[in-house]
Amino acid sequence: MVILSGIRAVVTGATSGLGAAMARSLMEAGATVAIAARPGPKLDEAMARHKERGSHVMPLAVDVRDARSVEAAVRQIIGEWGGLDLVVNNAGIGMRSVNPRFLEQPMPFFEVTPEGFTDVVATNLTGYFLVARAFAAVFVEQGAGRFVNVSMNHETMCRRGFVPYGPARAGAEALSLIMTEDLRPYQIAVNIVLPGGAAATGMIPDDTLETARRSLLPPEIMGPPVVFLASAEAEGITGERIVAKDFNAWLVDFRSRPRDAE
């Protein structure tokens, strides 16, 4: 069992879906986790659930689309914890916000409203940038730190009817690759984790057929790779793109690599 005692992590979009599953897995492994989300009932309810379990957790009210809000969140973390070990960039909104019937009735890009496009990009791409930019300054000053950026299958980025979600996620993945190289000289790790298929989260329409729902991946699939990337064994790992459903095979391959190849 991976032990993360002493690890301090921020997980954005952690009140539900993949973010909630990753935050829970980190806490179960012993990490102290900041549940980062917009202030409101969802954040309050998430905090209440975690505290019932006796978890090491704190709320972090933040709007990832607002640079000043993100910077205030960084100050809060440093003020309360004195430092930080891991940031999981996960906050995002899906196609439902643009086209509630996106699975059955794909909407061509030219029917997407500018407002809908801007809203998704502001959260799923600009939000990743603002969070990474602000916390990178902390990591550079510390001389250590790790980012995990959540992504999705490349095929979905190009899928018919998936503007603006696909382009925003593609942009976030490109951002991750550039972050990796920009932060490599500072010994700060940047890795990408994705489920490996559609997951059973609030991004899936409520009326999706039960037969289709059976093929959805559980959000908890994201837990093991994120916990591993927060662990001592992952020291020095950067630039990896880990598919959560194939994590066990990836880990076997990683552990078989010659040390001078890492």
Side-chain angles (χ1 to χ4, degrees), residues 1-94 96-97 119 122-124 127-128 130-132 134-135 138-139 145-150 193 195 199-204 206 217-231 244:
M1 179 179 178
V2 177
I3 303 299
L4 299 182
S5 178
I7 296 297
R8 302 154 299 179
V10 169
V11 182
T12 68
T15 58
S16 62
L18 302 183
M22 290 184 287
R24 187 165 54 250
S25 293
L26 289 164
M27 283 184 268
E28 288 172 352
T32 299
V33 179
I35 303 297
R38 283 180 287 183
K42 287 186 68 174
L43 180 56
D44 296 339
E45 291 164 9
M47 286 300 303
R49 288 194 302 271
H50 291 305
K51 286 184 175 179
E52 283 178 3
R53 301 187 183 100
S55 302
H56 299 289
V57 62
M58 67 170 276
L60 188 64
V62 60
D63 182 348
V64 300
R65 302 167 301 180
D66 184 328
R68 286 179 293 184
S69 177
V70 173
E71 289 160 6
V74 172
R75 290 193 296 272
Q76 181 180 344
I77 288 294
I78 299 306
E80 299 203 24
W81 289 352
L84 184 66
D85 303 290
L86 173 71
V87 171
V88 180
N89 245 327
N90 165 76
I93 55 178
R96 289 183 69 174
S97 65
D119 192 35
T123 303
N124 296 13
Y128 273 32
L130 293 176
V131 169
F135 281 105
V138 174
F139 288 162
R146 303 179 189 182
F147 285 104
V148 172
N149 290 344
V150 174
V193 178
T201 71
M203 291 188 180
I204 302 298
D206 296 332
L217 297 171
E220 291 74 19
I221 201 170
M222 297 289 282
V226 168
V227 168
F228 171 78
L229 289 171
S231 72

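Heavy atoms only: backbone and side chains are in, while hydrogens, waters and symmetry mates are out. Residue numbers run from 1 in the order of the sequence given.
Between Phe147 and Phe135, the ring center distance fails the sub-6.0 Å criterion.
Taking every heavy atom of both residues into account, Val62 and Pro39 meet most closely at N-CD, 4.3 Å. Of all heavy-atom pairs spanning Val70 and Val131, the tightest one is CG1-CA, 3.9 Å. When every heavy atom of Ala9 is checked against every heavy atom of Leu26, the shortest pair comes out as CB-CD1, 4.2 Å. Here the shortest heavy-atom pairing between Ser69 and Ala61 reads OG-O, 4.5 Å. The shortest non-hydrogen separation linking Gly19 to Val11 is O-CG1, 3.7 Å. Taking every heavy atom of both residues into account, Trp81 and Val33 meet most closely at CH2-C, 3.9 Å.
The side-chain heavy atoms of Ile35 and Pro59, taken from C-beta on, include no pair separated by under 4.5 Å. Leu18 is listed as a side-chain neighbour of Pro195, based on a closest heavy-atom distance under 4.5 Å. Here the side chains of Val87 and Arg146 are not in contact, with every heavy-atom distance at 4.5 Å or above. In this structure the side chain of Val10 never reaches within 4.5 angstrom of the side chain of Val88, judged on heavy atoms. Between Thr32 and Val57 there is no side-chain heavy-atom pair separated by less than 4.5 Å. Side-chain contact between Val193 and Met22 is absent, with no heavy-atom pair separated by less than 4.5 Å. With contacts defined as side-chain heavy-atom distances shorter than 4.5 Å, the pair Arg65/Leu130 does not qualify. Within the 4.5 Å cutoff, the side chain of Val74 has heavy atoms near those of the Val138 side chain.
In this structure, the side chain of Asn90 does not engage the main chain of Val150 through any donor-acceptor pair within 3.5 Å. Judged purely by atom type and a 3.5 angstrom limit, Tyr128 has no side-chain atom pairing as donor or acceptor with the backbone of Asn149. No donor-acceptor pair closer than 3.5 Å links the side chain of Thr123 to the backbone N or O of Ile93.
Partners of Glu220 by salt bridge (Lys or Arg N to Asp or Glu O under 4.0 Å), not counting sequence neighbours, listed by chain and number: Arg24.
From Thr15, atom OG1 reaches atom NE2 of His50 across 9.0 Å, with rounding to the nearest 0.5 Å. For the atom pair CG of Leu60 and CG of Leu43, the computed distance is 8.5 Å after rounding to the nearest 0.5 Å. To the nearest 0.5 Å, atom NE2 of residue His56 and atom OG of residue Ser5 are 7.0 Å apart.
Contact check on Asp85 versus Arg8 returns a salt bridge, with a Lys/Arg side-chain nitrogen under 4.0 Å from an Asp/Glu carboxylate oxygen.
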